[in-house]
Amino acid sequence: MDFSLVGMWKSMGLPARLVVITLAIMSVYSLSVMAERLFSFSRAKDQSRKYAEKLRDLLPGHQMIEATTMRYGHIPRVLGAGISEYNRGRDALRSAGPHDVGNFDLVEAINRSIDRATLRVTADLRRGLSGLATVASSAPFVGLLGTVLGIITAFQLMATSGSGGLASVSAGISEALITTAFGLLVAIPALMMYNYLTNRVEEMSVDIADASNELVDFFLKEGRFDEPLTSPGTKPGAATGAAAKA
């Protein structure tokens, strides 16, 4: 009896081979999700850090249009949505005539925009994690199914041959247990990475909430609703008067 992996694969029955193939597919899927999420989280963290440094200079200067240019990363996407809503809300409050929407609470509109963006970003951060959890929870049972099928086959062969004893079924049982080991080998890394990635999502959610609250506080305390979006320090009336004199 050949107990190498190739030898056991050749001696496996069709049900056990199907189980092994299923576990191999689950392993490839879980590894791809791990790699993609780790790369995305690393890139989002780097982009968010750059955006925070950029925003620290843009907000005091009231350069709101420039503050919406970077939109990759969890924090830029959420804060960019809030700043864009601020820009649109100011334009709507200034509009007169057929497009006049009347007075409304601009800060409340910004909060709603941030909430919508937070839901979308959080769902995007969790993409693939449910599949990873499914692999972690189901892979041991898939492997156990292969073991049960292998043991059934071993006892059927023993009944067919008419010989008894442990020696006659030990080879079949050893092959069957390979599927359980393979299932655990697939499930353990998937479970560990699922817990790690879930914690990363929770940390990013806290960062989003903190940054969003700081942005809303800025609009409440320092947001100047009567200044142009790109030329801080000038009033609309003053700019119109200067243009008339010219």
Side-chain angles (χ1 to χ4, degrees), residues 25-90 106-139 186-223 229-230:
I25 294 173
M26 296 170 69
S27 177
V28 172
Y29 170 77
S30 63
L31 290 175
S32 64
V33 171
M34 294 176 199
E36 189 273 335
R37 288 291 84 190
L38 288 174
F39 174 77
S40 297
F41 288 176
S42 176
R43 185 183 176 190
K45 181 179 180 180
D46 182 64
Q47 293 293 328
S48 297
R49 179 182 57 80
K50 293 180 180 179
Y51 182 77
E53 294 175 355
K54 179 181 178 181
L55 201 62
R56 190 179 297 114
D57 298 329
L58 294 178
L59 285 183
H62 206 66
Q63 300 175 4
M64 296 302 175
I65 294 180
E66 292 81 355
T68 61
T69 55
M70 185 184 298
R71 300 301 293 271
Y72 186 84
H74 53 292
I75 291 180
R77 289 174 60 185
V78 173
L79 298 192
I83 296 173
S84 296
E85 182 64 28
Y86 169 78
N87 296 338
R88 291 191 298 267
R90 285 189 51 191
L106 180 55
V107 174
E108 183 63 27
I110 294 172
N111 274 320
R112 289 194 298 268
S113 178
I114 289 176
D115 290 341
R116 292 192 299 269
T118 300
L119 291 175
R120 290 192 298 268
V121 170
T122 303
D124 183 65
L125 291 175
R126 294 184 178 277
R127 188 178 67 247
L129 296 188
S130 59
L132 200 61
T134 301
V135 171
S137 61
S138 62
V186 172
I188 291 173
L191 179 60
M192 295 175 65
M193 288 303 300
Y194 171 77
N195 291 332
Y196 172 74
L197 294 174
T198 301
N199 289 334
R200 289 286 302 272
V201 171
E202 294 298 328
E203 292 174 0
M204 291 182 178
S205 299
V206 172
D207 292 340
I208 290 173
D210 288 343
S212 301
N213 290 332
E214 289 180 7
L215 180 66
V216 173
D217 289 342
F218 170 81
F219 286 136
L220 287 172
K221 297 175 182 178
E222 302 181 27
L229 297 176
T230 56

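Index from 1, following the sequence.
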side-chain contact (heavy atoms from CB on, under 4.5 Å) evaluation trace for Ile83 with Phe219
CA-CA 9 Å; Ile83 296 173; Phe219 286 136; 4.3 Å; yes
List the atom of Ser48, the atom of Ile75, and the distance in Å for their closest heavy-atom pair.
OG-N, 3.5 Å
I need the minimum non-hydrogen distance between Ala187 and Ala136, along with the two atoms involved.
CB-O, 3.5 Å
Tell me whether Ser27 contacts the main-chain N or O of Val186 through its side chain, where contact means a donor paired with an acceptor under 3.5 Å.
no
Give a yes or no answer on whether the side chain of Thr118 reaches the backbone of Ile114 with a donor-acceptor pair at less than 3.5 Å.
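Such a contact is found between Thr118 side chain and Ile114 backbone.
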Could you give the distance from [atom1] ([X]) to [atom2] ([Y]), rounded to the nearest 0.5 Å?
X      : Y      : atom1 : atom2 : result
Met192 : Met34  : CE    : CE    : 9.5 Å
Glu202 : Asp207 : CD    : CG    : 11.5 Å
Asn111 : Arg116 : CG    : CZ    : 10.5 Å
Asn87  : Ile110 : CG    : CD1   : 9.0 Å
Met26  : Leu132 : CE    : CG    : 10.5 Å
Ile25  : Ser30  : CD1   : OG    : 12.0 Å

Charged N-O contact under 4.0 Å between Arg112 and Asp115
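No salt bridge links Arg112 with Asp115.
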A side-chain contact here means heavy atoms from C-beta on lying under 4.5 Å apart; do Ser205 and Val201 qualify?
yes
Ignoring hydrogens and angles, write down the donor-acceptor pairs under 3.5 Å from the side chains of residues 36-44, residues two or more places apart or on other chains.
unit_1: Glu36; atom_1: OE2; unit_2: Ser40; atom_2: OG; d: 2.9
unit_1: Glu36; atom_1: OE2; unit_2: Arg127; atom_2: NH2; d: 3.0
unit_1: Arg37; atom_1: NH1; unit_2: Asp124; atom_2: O; d: 3.0
unit_1: Arg37; atom_1: NH1; unit_2: Leu125; atom_2: O; d: 3.1
unit_1: Ser40; atom_1: OG; unit_2: Glu36; atom_2: O; d: 2.9

Any side-chain hydrogen bond (donor to acceptor under 3.5 Å, both in side chains) pairs touching residues 189-200, not counting sequence neighbours?
Tyr196-Arg200
